[in-house]
Participant: 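Encoded as structure tokens, here's the structure I'll be asking about.
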There are 2 protein chains.
Amino acid sequence: MNKPDIRTLDPSRRASIKRKRSDAVADLIRSHIFQAGLKPDDRLPQEPELIEMFGCSRSTIREALKSLEVQGLVQNTTGPGGGARVAPVSINRIVGLLSNYFYFQSVSAAQIYQIRRLIEPELASSVVGHLTALHFEALEQAIAVQEHHPGGDADWEHHRHAEIDFHDILIDACPNPLLGLVCRFVNEAIRHLIGRSGVQEFAASFTCENVDFHKRLMSAFRSGNAARARRVMLDHVLSAEAIVVPAADRGIDQPVFREPLRLD
Amino acid sequence: MNKPDIRTLDPSRRASIKRKRSDAVADLIRSHIFQAGLKPDDRLPQEPELIEMFGCSRSTIREALKSLEVQGLVQNTTGPGGGARVAPVSINRIVGLLSNYFYFQSVSAAQIYQIRRLIEPELASSVVGHLTALHFEALEQAIAVQEHHPGGDADWEHHRHAEIDFHDILIDACPNPLLGLVCRFVNEAIRHLIGRSGVQEFAASFTCENVDFHKRLMSAFRSGNAARARRVMLDHVLSAEAIVVPAADRGIDQPVFREPLRLD
DNA sequence: TGAATCTATTTATGATGATAAAATGAATAA
DNA sequence: TTATTCATTTTATCATCATAAATAGATTCA
């Protein structure tokens with residue numbers, strides 16, 4: 001058969017290793033979305049049209065659309081007016097895909113806190129002035145969850161998750177999407193650590209301490225004091241690190257920035 | 001027909017919105033990989049067996065495998081001994097998926113540098129003692145690329161990419177995978193910024209300055225001085241920020257940490 | 001009129017069978 | 001020995017049909 005093969009039509013592709021047709025089609029559609037500047041909810045051609053456009057079968061098109069769907073770029077719906085539509089790539093999807101990564105690349109508490117101490121204070125500072133009433137409500141509720149069974153042993157994991165939830169809510173209010181994304185990643189890494197940890201010794205006092213820090217953070221947020229929010233968060237993270245990270249793993253040379261300096 | 005539907009068998013799924021079979025199968029396989037502790041290169045059952053196991057058709061299984069392939073969890077090969085194999089989720093794949101995100105969520109230079117000034121100095125410090133001869137060679141070459149046409153106007157984008165390449169090489173030597181991942185993200189964001197920027201005014205002197213900083217970094221790396229590497233990198237990032245970020249966007253309250261403090 | 005329900009249509013989704021292409025290893029020819 | 005060819009295994013792609021889901025519009029009931 002003498003059908004033109006997409007893989008050989010594009011010179012840039014031909015040089016590289018043989019790719020699957022479905023992947024080539026997926027990339028072409030992906031490029032088209034960006035180059036045409038399509039926005040979320042814009043419609044893509046329907047399956048029969050795509051089959052016509054790319055000269056390949058339905059299953060190939062479907063695999064390509066599946067690929068784009070997993071990437072979070074498109075969403076497929078049935079029914080009249082349905083088909084493939086452009087979707088906004090959500091931060092949640094990226095984080096979800098990331099979680100696979102941690103299964104093969106385990107990260108230690110020490111490694112997590114090496115970054116956490118740097119970015120969480122920045123997060124705390126940056127959300128000041130951006131927290132809505134809804135945010136405050138959610139934050140209060142996260143604190144309430146932590147306070148509920150302060151002594152219960154079985155609730156340890158529950159408390160730790162509520163602790164991370166508190167920080168995730170801050171991310172929601174963060175005006176810098178990249179900072180938010182990075183913080184989400186670190187939180188996701190912590191969640192994995194909680195899941196597989198045998199480090200459940202530090203229960204009661206740790207939770208109380210965290211709640212206290214969170215309340216002090218709330219106070220700083222309410223008063224609109226970014227500098228104080230930064231300081232309190234730094235203390236919070238360092239305090240947690242001192243408990244969570246085994247002393248042996250705590251790098252002596254790891255620096256802590258206590259006070260910010262200004263650009264000249 | 002009275003076939004058991006995977007979507008209704010799992011109580012946790014039944015409650016939520018209707019999912020596609022292929023997604024349900026993909027999740028089951030994914031969970032199996034993790035729960036069985038499968039390692040990269042371990043084989044998954046072949047398509048006919050999977051069809052048997054899940055009681056669904058070939059196309060459903062193939063979509064599920066496609067999904068896992070896009071996620072980077074498995075790799076499919078043809079031929080004897082082929083089939084689906086577990087693959088390590090690579091940092092490159094995650095970054096690739098992330099790049100979609102930036103098309104809908106644009107990030108400004110100011111936002112990038114808010115994070116960059118925090119983590120790049122940490123990166124520079126952490127790679128000290130972990131750079132191999134190969135790393136040094138690659139770093140030298142990246143510098144050479146930047147030096148090649150210091151005045152050429154058309155090379156501006158080329159130089160900027162070489163500048164980012166230099167930092168990516170450091171990431172390769174970073175012993176903290178999470179820090180590496182975060183730095184890759186920031187670099188990816190910068191690459192996007194370069195791609196769509198109309199900010200090409202600052203060309204010649206900027207490149208020279210960067211090369212100078214890179215050479216000073218190399219010196220610190222060679223002498224094994226982590227503290228100096230940190231300081232030089234901070235100066236490098238701040239210098240770049242002062243040029244790249246419009247003064248109006250430069251938040252007055254953004255802090256700069258010039259000297260590290262120690263844990264008590 | 002207004003809301004709820006039915007029905008038809010559109011579209012993706014799932015199933016089946018056949019063919020093509022890639023990878024492996026064995027057999028063969030130089 | 002070395003390279004080549006060939007058969008085999010397994011996915012990749014194709015083609016077609018049947019099913020399920022979602023919407024729009026008509027219809028019915030209050």
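Protein chains get the first letters and strands the later ones, always in sequence-line order, with residue 1 at the start of each.
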Participant: For A:R85, what residues pass the side chain to side chain donor-acceptor pair (under 3.5 Å) criterion, not counting sequence neighbours?
Facilitator: none
Participant: Pairs of donor and acceptor atoms involving the side chains of residues 180-190 of chain A, under 3.5 Å and at least two apart or interchain, shall be tabulated with distances.
Facilitator:
{"residue": "A:R184", "atom": "NH1", "partner": "A:N92", "partner atom": "OD1", "Å": "3.1"}
{"residue": "A:R184", "atom": "NH2", "partner": "A:N92", "partner atom": "OD1", "Å": "2.9"}
{"residue": "A:N187", "atom": "ND2", "partner": "A:D168", "partner atom": "OD1", "Å": "3.0"}

Participant: Hey, is the side chain of B:R58 pairing donor to acceptor with the base of D:dA12 inside 3.5 Å?
Facilitator: yes
Participant: Quick one: A:D23 CG to D:dT11 P, roughly how many Å, whole number?
Facilitator: 17 Å
Participant: Taking any heavy-atom pair under 4.0 Å as a contact, classify A:E47: base, sugar-phosphate, or nothing.
Facilitator: base
Participant: Mind checking side chain to side chain donor-acceptor pair (under 3.5 Å) for B:H135 and listing every partner two or more places apart, or none if nothing turns up?
Facilitator: B:T132, B:D172
Participant: If you look only at distance, which donor and acceptor atoms sit under 3.5 Å apart when one is on a side chain in residues 63-74 of chain B and the other is two or more places apart or in another chain?
Facilitator:
{"residue": "B:E63", "atom": "OE1", "partner": "B:S22", "partner atom": "OG", "Å": "3.3"}
{"residue": "B:E63", "atom": "OE2", "partner": "A:R62", "partner atom": "NH1", "Å": "2.4"}
{"residue": "B:K66", "atom": "NZ", "partner": "A:S22", "partner atom": "OG", "Å": "3.3"}
{"residue": "B:K66", "atom": "NZ", "partner": "A:D23", "partner atom": "OD1", "Å": "2.5"}
{"residue": "B:S67", "atom": "OG", "partner": "B:Q71", "partner atom": "NE2", "Å": "3.1"}
{"residue": "B:E69", "atom": "OE1", "partner": "A:K20", "partner atom": "NZ", "Å": "3.0"}
{"residue": "B:E69", "atom": "OE2", "partner": "A:K20", "partner atom": "NZ", "Å": "2.8"}
{"residue": "B:Q71", "atom": "OE1", "partner": "A:N100", "partner atom": "ND2", "Å": "3.1"}

Participant: Is the shortest side-chain N/O distance from B:R62 to OP1 or OP2 of D:dT11 below 4.0 Å?
Facilitator: no
Participant: Do the side-chain N or O atoms of B:S57 get closer than 4.0 angstrom to the phosphate oxygens (OP1, OP2) of C:dG14?
Facilitator: no
Participant: Under 4.0 angstrom, heavy atoms only, what part of the nucleic acid is B:S59 near: base, sugar-phosphate, or nothing?
Facilitator: base
Participant: Which of residues 67-83 of chain A sit near DNA chain D, with a heavy atom under 4.0 Å from it?
Facilitator: A:T78, A:G79, A:P80
Participant: Grab the CD-P distance between B:E63 and C:dT13 for me, whole Å please.
Facilitator: 7 Å
Participant: Tell me, please, which residues at least two apart from A:E140 pass salt bridge (Lys or Arg N to Asp or Glu O under 4.0 Å).
Facilitator: A:R222
